[in-house]
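Structure record follows, encoded as C-alpha cells.
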There are 2 protein chains.
Amino acid sequence: MKPVTLKEIAETLNISVTTVSKALKDYPDVSKKTRKLVRETAAQLNYRPNSFAVNLRTKESKTIGLIIPEVVHHFFSTVIKGIIAQAEKKGYFVIILQSNESYELEKKQIDLLMSKHVDGILISLANETSDFKHITDVMDQDKPIVMFDKIAKIVNCSKVIIDDRKAAYMATQHLIDTGCKRIAHFRGPLLPQNSIDRFLGYKKALLDNDLPYDSSLVYICDCSDKSFEEGKNNAAQLLKDHSDVDGIFINTDMVAIGAITEFNKRGIKIPEDISIVGFSNWFMSSAITPTLSTIDQPGYQMGKMAFKQLYKELKALKQQKEVHPKIIELETSLVKRDSTKTLI
Amino acid sequence: MKPVTLKEIAETLNISVTTVSKALKDYPDVSKKTRKLVRETAAQLNYRPNSFAVNLRTKESKTIGLIIPEVVHHFFSTVIKGIIAQAEKKGYFVIILQSNESYELEKKQIDLLMSKHVDGILISLANETSDFKHITDVMDQDKPIVMFDKIAKIVNCSKVIIDDRKAAYMATQHLIDTGCKRIAHFRGPLLPQNSIDRFLGYKKALLDNDLPYDSSLVYICDCSDKSFEEGKNNAAQLLKDHSDVDGIFINTDMVAIGAITEFNKRGIKIPEDISIVGFSNWFMSSAITPTLSTIDQPGYQMGKMAFKQLYKELKALKQQKEVHPKIIELETSLVKRDSTKTLI
DNA sequence: CGCGAAATCGAAAACGTTTTCGATTTGTTA
DNA sequence: TAACAAATCGAAAACGTTTTCGATTTCGCG
C-alpha cells in the first residue's frame, strides 16, 4: 500500500540507500552487477521516485507555468496544444492559469506560480497590462520567462511573435489590389502591442498607396468573448456612418464572421459591395459563406517555439551560462478566399 | 538573492524554527506577541514557504491532473475554464495533459500524473478506451478520480455527466414534432458512452413515435479535428443514398455546421427540405445561416462541478472519511433556432 | 607477497518544512 | 509561599532524495 522508497530497496538488497540511488542514475562508481540488481528489484517492487523529495533536493519542479488571457479561444487553444505537446517531449508539466485580460489577475497568477516554484513561465499579456514590474521581478529572480503573441516590446526577455504590422500591411494591400478604394479597419483594444501593430500596418498600406487615412473609418472592438456580437454591431454602425466603404480589414476572424453575418442579413454582397479580410485563419473562416480571406497565424507553432525557447533558457541557466533573450518571428501568410475578389 | 527560509526568520528573531513555523500557522501554543512579531518580519523579509518542502512534509501537492482528449475543442475549452476557475478558488493548480483520443497515451498520461503525485485526477476518456484498469489502479491507490462527459459506466467513481440519451431523445422528438418523417442520424464513434447514448435516444424517440428505425440512415463520424469535413462528406453521401430524408439529428454542432455548409452549397433548403438539430450549443451555431437548433450542453458548469466533487473527495480522504462515488447529472435544454421549423 | 591505483561502496549532511513531545516559564490559587 | 495548572517555547525526528567525501575492497603488476 505504502509507496516504495529507496530505503526499502536498499534493505531488501542489504546495501545502502546511496548505492541504490546511484545505481538507478547510472553513476559510474557502482558496479554493473549491483546496478543491474538494483534496477531489477526496483522494477519488481514498482519503485517510483518521490517527486516531492526530488524537487526539494534538486530545486526543480519540472513544471512550467502558462498564463493566458482566455482559455476559451481558438487561437490560444492551439498555442496551448503546441506548448503541452512540446513540454511533454521534454518531461515537463504545464500549469495553466487565466488572466481574463486583467492586469491585477495577471499579477496574482504570476505570484502564485512563483510561490509554486515553477521552473519557468510562458505568458501572453492581458489587454489591460501596461506596467511590467511583475514581469521584470520574475526575471530578476533568475526565472526564465518567455512571452508570446501579446508581448511587451519594452521588456527584455525572449519573445515569440509574428510581424503583425507586416501581416496587416499584407492584408490591406490585398484589399487595395482587388480594387478597394475606401477601406475601414475594425481594430482591437488600444493597449496590446499586436492590435497597435495591425493598425499601423493598415495605416501604412493606405499611405503607401496614396489612399487617405481617415480615423473615422477605424472601429474599436474588445475582441473578448463577445467578439462575434461586436462584429455585428460594428458592421451595422459602419453601414450607418459610411455608405461608401468598399473594404474592411478586421482584427480577428471571429469579429469578421460577426460582420459577415450582419452583412448577409442586410443583403450587403461580399465581396461585390464590401470586401473583407480577417486575421488568424480560424477554421470557421473557410466554413462561413462567403469564405473569408484572412491572415494565417501559426498558433501551434507559436506554442511549440515558445516552449523550446524556454527550455533552452532553462538548460542554460542550469549550466550557469549566460542567456541572451531572443526574438523569434514566425511567418504569416495571406489566405485568399471568397470575401475578396478582383471585380471586372 | 537566496529565498528566505524559516531558519532565517528564526535567526533574526533569536527564536526557534519551530516557533516561527507555528506562529505562521496560528498555532495556539505561541503567544500573540511573538505571533505578531513573526508575521511582521516574515512579511518584511518577503518570506515564501518553499512549496517543495511543504509537499514533502504534507504529502500534498495542491495540484490536480486533468486529462482531456483534445484541447483545441470549444466544448472542452469551456470545461477546462470551469475547472481552472474553481480550482483556483480552492488554491489548487491544474496540470493539463492530452490523450489525443488514444488509449495508450491516456495510460501514459495517468502514469505521469501519478508519478508527479497530483492529489487527484479529472478525466474525460478517449474514444479508444474500452479497458479501465489504468483508472481503477488510480482508485486502488486511494487517489480520487472524477470522470466527466466521456465516462465509463462500469467504473465505480464519481462522474459529472448529462443525460445524453434524454437530450438526444428531446432533439429527435423536436424533429418529429416539426413534421419530419424520415430522420437520419450522424452519430459519433462506436465506443464512447455518450455517442452510444445519443444514438439510443434517437432510436427510442423514433420507435416511441411509431417511426421505423432504419440503420442505413445512421452515419458515423469521428468527431475529430476533421469534424467539419466529416459533416460535409456525410451530408453529400446522405444526399446520394437517401433522397427522402427530411431531418437529421447530428452528434455535434461542428459536424452539423459542416453539413449545413454542404447543403447550402448544393441548394438544399434548411429547414424546408431538411431540418437539422445539432448538439452542444457551440456559439457558432447561432452565427451560421440558417442558425442551428441544438442541445445546450453546459461545459463550464460541468468543469466546475467536476472539480467541486473532486475537492469534496480530497477533503474526505484527508479526514479519513469514507467517500461514496456520486453521479452528478447536469440539465440540458433544447435550443430552437432556424434549422428546424414547423412548415405549414 | 606487497604496493599503489582503481573500483566500489556507505555515512552523513543537506534541502525546508511540519509536528510530536518534553522542557521551561508564567500565572493562579489555597 | 508552595503547589499545581496553563501558557509558551524548542529539540529533534521525519518526509525521501541527492551528493560529497572518505572508507574499504579489489585488482594489476613488479
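Just so we're on the same page: letters track the sequence lines, and every chain starts at 1.
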field: side-chain hydrogen bond (donor to acceptor under 3.5 Å, both in side chains): pairs with one or both residues in residues 49-58 of chain A, sequence neighbours excluded
entry: none
Length of the line joining A:Lys7:NZ and D:dT17:P, which is rounded to integer Å: 11 Å
- prompt: Which pairs, with at least one residue in residues 11-49 of chain B and sequence neighbours excluded, count as a ring-ring contact (aromatic ring centres under 6.0 Å, His included)?
  reply: none
field: Set of residues satisfying salt bridge (charged side-chain N to carboxylate O under 4.0 Å, His left out) with respect to B:Glu70, sequence neighbours excluded
entry: A:Lys81
Which pairs of donor and acceptor atoms, one on a side chain in residues 91-99 of chain A, lie under 3.5 Å apart (sequence neighbours left out)?
{"unit_1": "A:Gln98", "atom_1": "OE1", "unit_2": "A:Val71", "atom_2": "N", "d": "2.7"}
{"unit_1": "A:Gln98", "atom_1": "NE2", "unit_2": "A:Asn100", "atom_2": "OD1", "d": "3.4"}
{"unit_1": "A:Ser99", "atom_1": "OG", "unit_2": "A:Glu101", "atom_2": "N", "d": "3.3"}

statement: In whole angstroms, the gap separating C1' of D:dG16 from CG of A:Leu24 amounts to 13 Å
- line: With B for base contact, S for sugar-phosphate-only contact and - for none (protein heavy atoms under 4.0 Å), nucleotides 19-25 of chain D reads BBB----
task: Kindly calculate the angle separating the two end axes of the helix from C:dC1-D:dG30 to C:dA30-D:dT1, each obtained from five base pairs, and round it to 10 degrees.
output: 50°
With B:Ser16 via side-chain hydrogen bond (donor to acceptor under 3.5 Å, both in side chains) - residues at least two apart: B:Thr19
message: Without decimals, in angstroms, what is the distance between A:Lys62 NZ and D:dT17 P?
response: 17 Å
message: Going by side-chain hydrogen bond (donor to acceptor under 3.5 Å, both in side chains), name the residues that satisfy it together with A:Gln86, two or more places apart in sequence or in a different chain.
response: none
- request: Not counting sequence neighbours, which residues clear salt bridge (charged side-chain N to carboxylate O under 4.0 Å, His left out) with A:Lys153? List them please.
  value: A:Asp197
- prompt: Of all of residues 43-56 of chain A, which get a heavy atom below 4.0 angstrom from DNA chain C, listed by number?
  reply: A:Leu56
field: Rounded distance (Å) that lies between atom C1' of C:dT8 and atom CG of A:Leu13
entry: 15 Å
query: Between C:dG16 atom P and A:His117 atom NE2, what is the distance in whole Å?
result: 9 Å
message: Which residues pass the salt bridge (charged side-chain N to carboxylate O under 4.0 Å, His left out) test with A:Lys7, not counting sequence neighbours?
response: none
task: Apply side-chain hydrogen bond (donor to acceptor under 3.5 Å, both in side chains) to A:Arg48 and list each qualifying residue two or more places apart in sequence or on a separate chain.
output: B:Asp111
- request: Scan side-chain atoms only and decide if B:Thr63 and A:Lys116 contain a donor-acceptor pair under the 3.5 Å cut-off.
  value: yes
task: Identify which nucleotide among D:dC15, C:dC15, D:dC9 has an atom closest to any side-chain atom of B:Lys59, counting heavy atoms from C-beta outward.
output: D:dC15
